[in-house]
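Working notes, beginning with the structure itself.
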Amino acid sequence: MKTTPDRPLDFIRQIIAEDLKNGKHKQVITRFPPEPNGFLHIGHAKSICLNFGIARENNSVCHLRFDDTNPGKESTEYVNSIQEDVRWLGFDWGEHLYYSSDYFDKLYDFAVQLIELGKAYVCHLSGEEMRKYRGTLTEPGKESPYRDRSVEENLALFTQMKNGEIEEGTCALRAKIDMALPNIIMRDPVLYRIMKTPHHRTGDKWCIYPMYDFTHCLSDMLEKITHSLCTLEFENNRALYDWVLDTLDTPCHPQQIEFARLNINFTVMSKRKLLQLVDENHVNGWDDPRMLTISGLRRRGYTPASIRNFCDGIGIGKRSSWIDMGVLENAVRDDLNVLAPRVLGVLRPLKVVITNYPEEQVEELEAQNHPQNPEMGSRMVPFCREIYVEQTDFMEDAPRKFFRLSVGREVRLRYAYLITCREVIKDEEGKVIELRCTYDPETRGGSAPDGRKVKGTIHWVSARHALQTEVRLYDRLFSVENPDMDKEKDFKEFVNPDSLQILENSMLEPSLKEATTADRFQFERQGYFCLDNRDSTPDAPVFNRIVTLRDSWAKLTKKK
RNA sequence: UGGGGGAUGGUCUAAUGGCAAGACAGCGGACUCUGACUCCGCUUAUCGGGGUUCGAAUCCCUGUCCCCCAGCCA
């Protein structure tokens with residue numbers, strides 16, 4: 001993994017480098033603060049790589065902190081999946097696992113302090129009323145009639161709130177700032193609300209819970225975070241972050257810095273929308289291989305390194321941007337190209353009978369596991385009279401540049417023989433169901449002693465030895481670049497109906513019987529594949545296509 | 001409309017007063033027992049208008065466009 005980037009620092013790393021250089025900080029501490037209310041997705045991966053990456057580059061630590069201040073939406077199921085995902089991505093928080101809920105006692109004390117300072121009050125405005133009092137973008141708000149309660153009264157009321165003596169929704173603790181400020185966030189924001197909901201960690205202990213803006217800055221401060229990195233939509237909240245820390249006169253004051261969140265085209269990124277896709281069965285769960293959740297990517301076959309490389313490659317900036325899905329796909333290809341052993345697998349089989357090959361004969365032919373890397377060795381693949389080739393590798397009326405099978409044309413069977421197509425067998429409906437070919441016994445291994453050039457090489461599998469499997473081909477989940485763009489239509493109307501294609505009759509070379517869920521393969525000329533970690537069984541293997549190979553032939557034919 | 005941010009090829013990122021660079025995409029070519037990989041070449045950008053300066057993507061003024069904020073969500 002890269003620890004010293006060979007490119008210029010992004011603006012956040014520049015700030016940090018400067019802070020270190022001028023002695024503002026001796027070491028940096030960052031944090032990744034997910035709310036445990038859903039599964040992590042590729043957008044979180046960007047933040048994880050940033051925060052843990054910065055810590056690693058500076059020989060420091062990044063805290064994992066669950067921001068669990070809204071018990072109705074949060075659960076330990078999510079806590080566990082988030083830890084698994086961060087670890088899988090290759091990061092380690094060491095001893096530094098924290099929960100905002102660990103700070104509830106301290107947070108409560110800080111709230112009391114604020115009241116004593118005359119900087120917070122208990123407000124009995126209803127939600128509806130509070131909205132009216134808040135004003136609008138252009139008009140200032142009005143002060144709450146409860147704003148000038150005495151410190152004693154506020155203290156007493158806040159204690160009652162804490163003790164469960166007040167019903168949910170009847171009042172809330174608010175900061176006393178300024179109802180006329182143009183930044184609406186600062187118009188006496190709510191700090192604590194009553195919620196008689198048990199918490200997944202603190203149980204029934206609390207019936208008041210602190211709001212994000214109050215919790216986050218103080219949690220950062222308690223953990224001595226130096227740089228608190230978050231996304232752009234929190235820019236307005238920074239004023240409140242700073243206000244809380246300034247008025248409480250805390251021993252340290254972390255710096256919040258905002259960066260642009262990740263957007264990728266042909267997908268949606270918000271937890272809310274991902275949840276809808278799951279709940280309404282547009283996909284099969286959070287870990288559906290078409291989902292850009294970490295668990296979905298893992299199941300799809302993406303490597304942690306490919307996701308890290310992707311995140312490092314897209315950069316950190318402040319302008320909202322859209323990354324092309326192709327960049328993500330390219331990141332796995334790059335990684336797998338080096339790592340993945342090559343095998344032969346026929347996705348859509350077409351039977352070929354080699355008429356001049358002895359009926360009972362079987363040959364074992366040597367095949368390289370990775371032509372660019374001889375150290376990965378070789379294996380033996382069986383060959384016999386009947387084989388399968390890819391349906392798309394045969395064409396009846398083939399154009400001149402189609403370097404594959406057609407009557408009268410000669411191609412090379414990868415690592416095997418040169419064969420020539422002699423005859424096409426069709427069923428009653430005219431569908432091609434079999435090819436009759438002859439082979440040249442002099443070309444064993446794939447090269448012709450007379451030196452004749454054969455342009456096309458195709459993959460094949462011995463019919464007698466083939467491993468028959470299910471293969472799942474995935475395509476982009478949405479058929480438009482930005483599913484959210486159309487305000488008239490729901491984003492789910494743009495789900496790509498062909499995003500999952502199941503092939504039940506694929507024929508793979510027999511060595512794949514040994515495959516495990518840890519393996520990833522390149523099916524030559526097709527793409528990268530792995531065993532599905534959920535549905536595959538030893539008796540009925542299921543392979544997922546991680547990503548296709550680049551296909552300049554497909555590109556060419558599409559153009560015409 | 002008040003406030004907070006942002007604008008560099010098709011996309012993303014760099015250049016921090018001194019030759020606008022890289023990646024992805026695209027196009028063309030070389031190589032090839034994977035139409036893959038690799039390699040070579042090419043097309044394409046500083047939001048508009050003023051100003052400061054020998055020199056501006058960068059500094060100043062001005063305009064335009066885009067994003068965020070009116071949850072007792074985070």
Side-chain angles (χ1 to χ4, degrees), chain A residues 7-11 14 33-35 37 67-70 72-74 123 125-127 130-132 134-141 168-174 181-187 189-195 208-209 211-213 215-216 230-239 258 260 265 271-272 313-324 326-331 333-334 337-338 342 344 367-368 370-372 401-404 411-416 418 445-447 454-459 522-527 548-557:
Chain A
R7 347 165 250 151
L9 300 178
D10 58 67
F11 81 99
Q14 282 179 41
E35 182 188 12
N37 69 344
D67 205 0
D68 52 354
T69 57
N70 191 1
K73 291 184 176 170
E74 298 154 4
C123 179
L125 249 27
S126 70
M130 209 182 280
R131 183 159 12 104
K132 283 183 185 148
R134 191 152 31 225
T136 67
L137 294 180
T138 49
E139 308 154 34
E168 246 180 68
T170 57
C171 64
L173 183 73
R174 292 226 260 165
L181 251 19
N183 182 355
I184 295 174
I185 301 273
M186 296 295 274
R187 319 236 260 231
V190 171
L191 265 22
Y192 263 91
R193 76 284 213 190
I194 300 169
M195 278 180 107
I208 55 172
Y209 292 96
M211 300 285 290
Y212 165 84
D213 286 303
T215 308
H216 205 87
C230 63
T231 43
L232 250 27
E233 62 269 29
F234 291 100
E235 277 175 322
N236 296 318
N237 299 59
R238 190 176 63 236
E258 310 86 14
N265 59 9
K271 274 192 216 172
R272 205 191 92 245
I314 55 178
I316 302 292
K318 289 201 75 148
R319 62 184 124 170
S320 359
S321 55
W322 289 86
I323 306 289
D324 197 293
V327 178
L328 215 209
E329 293 170 344
N330 203 54
R333 275 195 204 103
D334 267 0
N337 178 42
V338 178
R342 285 19 2 180
L344 303 180
Q368 298 301 307
H370 197 305
Q372 276 77 49
K401 294 214 163 192
F402 184 79
F403 306 126
R404 307 178 189 185
V411 301
R412 170 164 34 243
L413 296 175
R414 181 80 158 151
Y415 298 124
L418 267 30
S447 45
V454 178
K455 185 83 178 164
T457 299
I458 65 174
H459 59 282
Q522 185 196 96
F523 291 7
E524 290 204 26
R525 305 208 306 135
Q526 295 290 343
T548 62
L549 251 32
R550 277 206 196 80
D551 189 347
S552 56
W553 170 251
K555 209 184 285 176
L556 230 178
T557 50

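Every chain is numbered from 1 and lettered A, B, ... according to where its sequence line falls, protein lines coming before strand lines. Heavy-atom basis, side chains included; hydrogens, waters and symmetry copies ignored.
Position along RNA chain B of the nearest nucleotide to Thr138(A) versus Ser552(A) favours Thr138(A) as the more 5'-ward residue. Comparing Glu235(A) and Pro33(A) by the nucleotide of RNA chain B that holds the closest heavy atom to each, the one mapping nearer the 5' end is Glu235(A).
For Glu139(A), there are no salt bridge (Lys or Arg N to Asp or Glu O under 4.0 Å) partners two or more places apart in sequence or in a different chain. Listed by chain and residue number, Leu9(A) satisfy the side chain to side chain contact (heavy atoms under 4.5 Å, CB included) test with Gln14(A) (two or more places apart in sequence, or in another chain). For Trp322(A), there are no ring pair (Phe, Tyr, Trp, His ring centres under 6.0 Å) partners at least two apart in sequence or on another chain. For Asp213(A), the side chain to side chain contact (heavy atoms under 4.5 Å, CB included) partners are Asn237(A), Leu240(A), not counting sequence neighbours. The salt bridge (Lys or Arg N to Asp or Glu O under 4.0 Å) check on Arg238(A) picks up Glu258(A), with sequence neighbours excluded. Partners of Lys455(A) under the salt bridge (Lys or Arg N to Asp or Glu O under 4.0 Å) rule, at least two apart in sequence or in another chain, do not exist in this structure. Under the rule for a side chain to side chain contact (heavy atoms under 4.5 Å, CB included), Ser320(A) has no partner lying at least two apart in sequence or in another chain. Partners of Arg525(A) by salt bridge (Lys or Arg N to Asp or Glu O under 4.0 Å), not counting sequence neighbours, listed by chain and number: Asp393(A).
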Exercise. How does RNA chain B read in dot-bracket, base by base from 5' to 3', with Watson-Crick or G-U pairs under 3.5 Å and | used when the partner is on another strand?
Worked result: .((((((..((((....[..)))).(((((.......)))))....(((((..]....))))))))))).....
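Nearest nucleotide to the Leu137(A) side chain, out of rC73(B), rG2(B), rG71(B): rG2(B). Here the side chain of Pro182(A) is nearest to one of rG3(B), rA74(B), rC72(B), namely rG3(B). Checked against rC69(B), rU34(B), rA70(B), the side chain of Asn236(A) finds its nearest nucleotide in rC69(B). Proximity note for Lys555(A) (side chain, C-beta onward) versus rA74(B), rC27(B), rA70(B): the nearest is rC27(B). The side chain of Arg193(A) has rA74(B) as its nearest neighbour among rG5(B), rA74(B), rU34(B). For Glu35(A), taking side-chain heavy atoms from C-beta onward, the closest of the listed nucleotides rC73(B), rG35(B), rA70(B) is rC73(B). Nearest to the side chain of Phe402(A), among rG35(B), rG71(B), rU34(B), sits rG35(B).
In this structure, Met211(A) reaches the sugar-phosphate backbone alone: every heavy-atom distance under 4.0 Å involves primed, P, OP1 or OP2 atoms, never a base. Among the heavy atoms of the strands lying under 4.0 Å from Arg412(A) is at least one base atom, whether or not backbone atoms are also near. At a threshold of 4.0 angstrom between heavy atoms, the contacts of Arg174(A) with the nucleic acid are absent. Residue contacts shown for Leu328(A) are absent, as no nucleic acid heavy atom lies under 4.0 Å away. Here Glu258(A) lies out of heavy-atom contact (under 4.0 Å) with every strand. Gln372(A) comes within 4.0 angstrom of a base, heavy atoms only. Using a 4.0 Å heavy-atom criterion, one finds that Tyr192(A) contacts no nucleic acid atom at all. Residue contacts shown for Asn265(A) are absent, as no nucleic acid heavy atom lies under 4.0 Å away. No contact: Arg333(A) has no heavy atom under 4.0 Å from any strand. Across all strands shown, Tyr209(A) has no heavy atoms under 4.0 Å from either base or sugar-phosphate atoms.
The interatomic distance linking Asp551(A) (CG) with rU34(B) (P) rounds to 14 Å, in whole Å.
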Can you name the atoms? Protein N/O to nucleotides 8-14 of chain B N/O, anything below 3.5 Å, with the distance.
unit_1, atom_1, unit_2, atom_2, d
rU8(B), OP2, Arg319(A), NH1, 2.0
rU8(B), O4, Arg319(A), NH2, 3.1
rU11(B), O3', Trp322(A), O, 3.3
rU11(B), O2', Trp322(A), O, 2.9
rC12(B), OP1, Trp322(A), N, 3.1
rC12(B), O2', Ile314(A), O, 2.8
rU13(B), OP2, Arg319(A), NE, 3.3

Restricting to nitrogen or oxygen on both sides, can you table the protein-nucleotides 30-32 of chain B pairs closer than 3.5 Å?
none

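With hydrogens and angles ignored, no donor-acceptor pair under 3.5 angstrom links the side chain of Glu329(A) to the base of rA25(B). For rU34(B), its base sits under 3.5 Å from the side chain of Gln522(A) at one donor and acceptor pair at least. Below the 3.5 angstrom threshold, one finds no donor paired with an acceptor across the side chain of Asn183(A) and the base of rG2(B).
Formation of a donor-acceptor pair under 3.5 Å by the Arg414(A) side chain with backbone atoms of Leu344(A) is not found in this model. With hydrogens and angles ignored, the 3.5 Å screen pairs a side-chain donor or acceptor of Asn183(A) with a backbone N or O of Asn236(A). Remark: the backbone N or O of Glu524(A) is not paired with any side-chain donor or acceptor of Arg342(A) at under 3.5 angstrom. In this structure a side-chain-to-backbone donor-acceptor pair under 3.5 Å is missing from Arg134(A) to Ile185(A).
Put simply, Trp553(A) rests on the base of rG35(B): the two rings are less than 5.5 Å apart at their centres and nearly parallel, under 30°.
Here rG71(B) is in the syn range [glycosidic angle within 90° of 0].
For the C1' atoms, the distance from rA45(B) to rC40(B) is 24 Å, rounded to whole Å. Separation of the P atoms belonging to rG18(B) and rA56(B) is 11 Å when rounded to the nearest angstrom.
In this structure, Thr215(A) OG1 and Asp67(A) CG are separated by 6.5 Å, a value rounded to the nearest 0.5 Å.
An OP1 or OP2 oxygen of rA74(B) is reached within less than 4.0 angstrom by a side-chain nitrogen or oxygen of Thr69(A).
Arg193(A) pairs in a side-chain contact (heavy atoms from CB on, under 4.5 Å) with only one of the listed residues (Leu173(A), Asn70(A), Ile208(A)), which is Asn70(A).
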Exercise. If the sugar-phosphate is the primed atoms plus P, OP1 and OP2 and the base is the rest, what is the B/S/- string for nucleotides 38-48 of chain B, using protein heavy atoms under 4.0 Å?
Worked result: -----------
